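Let me begin by presenting the structure, written as structure tokens, before commenting on it.
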Amino acid sequence: MINVAIDGPAGAGKSTVAKGAAAKLGYIYVDTGALYRAVGVYALRHGVDTKDGDGVSALLPEISVELKFIDGVQHVFLNGEDVSAEIRTPDASMAASNVSAIPSVRSFLFDLQREIAGKNNCIMDGRDIGTVVLPNAQVKIFLTADPEERAMRRYKELIVKDPDVKYDDVLADLKVRDYQDSHREIAPLKPAEDSVVYNTTGNSLEESIEKVINIIKEKTNG
Ligand code: DC
């Protein structure tokens, strides 16, 4: 199987770029952030502090998270319920970042990610795909962009659903998540040593997809 790992901070455009590249190459696109978001949403629903390692760990035996690909689009199921929309709120983003620092949550989601990559040509995006989940991926890309540009992209996505969203709040949340995701003890966000680092600041979506496809083709002689 050909596995492409794309890691990088929130709002770097990983999911849009990975989705576009996967569609053109005929690979499946796997968004691993959705798994952490589903666990975060479960904890929020049950009133458990998402930073409380013991509290969140105690919930794990009650949780089943599945990814299904419907018409090529990933849906995430939490105990059989499709929560693909609910996991996209700002509260779910912060909850995901919080629970993702808990070691038992990371090991809970590890096998599922490995299993999907073992069975499919895929582009998998996340924070630790090239460093921990798929250390033998044929292609590793670290996608990033300046925080202000990442916050503006995220803001434009969120304002469509909620007209009260403030750019400054989005930027502040993003900086908190950047810090948490890259400073946690377990599987922190960082470029794998053998990754290609690509900063998309100022590039259009089409340019970024094109560039990522070229990196993949180069590395896989495709
Ligand atoms: O990619 P995303 O914004 O949907 O991810 C949500 C959170 O989940 C992110 O802040 C950190 C965590 N995450 C992680 O720790 N490891 C991954 N492979 C993917 C996401």
Side-chain angles (χ1 to χ4, degrees), residues 3-19 22 29-44 50-51 53 56 60 63 65 67 73-76 78 83-117 122-135 137 140-145 147 149-158 161 170-192 195 200:
N3 291 162
V4 178
I6 301 190
D7 291 302
K14 296 184 302 290
S15 66
T16 326
V17 168
K19 230 181 263 174
Y29 162 60
V30 186
D31 160 21
T32 62
L35 302 171
Y36 293 92
R37 286 169 180 269
V39 173
V41 161
Y42 190 85
L44 288 177
T50 50
K51 285 194 167 184
V56 174
L60 294 176
I63 302 181
V65 183
L67 291 183
V73 178
Q74 173 184 301
H75 289 249
V76 58
L78 174 61
V83 292
S84 307
E86 187 176 343
I87 60 168
R88 295 293 154 202
T89 64
D91 282 350
S93 300
M94 201 54 81
S97 178
N98 291 343
V99 300
S100 74
I102 302 168
S104 59
V105 172
R106 302 205 73 83
S107 51
F108 176 68
L109 298 173
F110 184 80
D111 290 346
L112 176 59
Q113 298 169 74
R114 286 287 281 263
E115 211 176 283
I116 297 170
C122 70
I123 301 185
M124 186 172 275
D125 93 26
R127 302 292 186 289
D128 62 335
I129 308 306
T131 50
V132 177
V133 178
L134 304 176
K140 298 182 186 179
I141 299 170
F142 191 85
L143 205 71
T144 186
E149 183 158 326
R150 292 190 281 120
M152 184 50 76
R153 291 177 188 166
R154 205 25 79 81
Y155 169 75
K156 285 182 180 163
E157 279 168 19
L158 292 170
K161 294 179 220 154
V170 176
L171 178 62
D173 274 9
L174 190 123
K175 286 185 173 171
V176 171
R177 280 216 284 152
D178 277 1
Y179 186 86
Q180 289 193 168
D181 295 349
S182 49
H183 288 81
R184 64 183 178 222
E185 265 174 43
I186 179 162
L189 169 67
K190 61 173 181 196
S195 65
T200 66

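Quantities reported herein were computed from a predicted structural model and do not represent experimental measurements. Both counts, for ligands and for their atoms, begin at 1 and track the order of listing.
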Non-neighbouring partners of R184 that pass side chain to side chain donor-acceptor pair (under 3.5 Å), sequence neighbours left out:
S100
Step by step, work out the side-chain hydrogen bond (donor to acceptor under 3.5 Å, both in side chains) result for R127 and Y36.
CA-CA 11 Å; R127 302 292 186 289; Y36 293 92; over 6 Å; no
N/O to N/O under 3.5 Å, ligand 1 against protein:
unit_1	atom_1	unit_2	atom_2	d
ligand 1	1 (O)	R127	NH1	2.9
ligand 1	3 (O)	R37	NH2	3.2
ligand 1	3 (O)	R127	NH2	3.1
ligand 1	3 (O)	R177	NH1	3.0
ligand 1	4 (O)	R37	NE	2.6
ligand 1	4 (O)	R37	NH2	3.2
ligand 1	10 (O)	R177	NH1	2.9
ligand 1	10 (O)	D181	OD1	3.4
ligand 1	10 (O)	D181	OD2	2.7
ligand 1	15 (O)	S100	OG	3.3
ligand 1	15 (O)	R106	NH1	2.8
ligand 1	15 (O)	R106	NH2	3.4
ligand 1	15 (O)	R184	NH1	2.8
ligand 1	15 (O)	R184	NH2	3.0
ligand 1	16 (N)	R106	NH2	3.0
ligand 1	18 (N)	T32	OG1	3.0
ligand 1	18 (N)	R127	N	3.1
ligand 1	18 (N)	D128	OD1	2.9

My understanding is that only residues two or more places apart in sequence, or in another chain, count here; which of them pass side chain to side chain donor-acceptor pair (under 3.5 Å) with Q113?
none
Nearest atoms (heavy-atom pairs only) where A38 meets V76
CB-CG2, 4.0 Å
Between CG of D181 and OG of S97, what distance do you get to the nearest 0.5 Å?
4.0 Å
List in chain and number order the residues that pass side chain to side chain donor-acceptor pair (under 3.5 Å) with S84, two or more places apart in sequence or in another chain; answer none if no residue qualifies.
D82
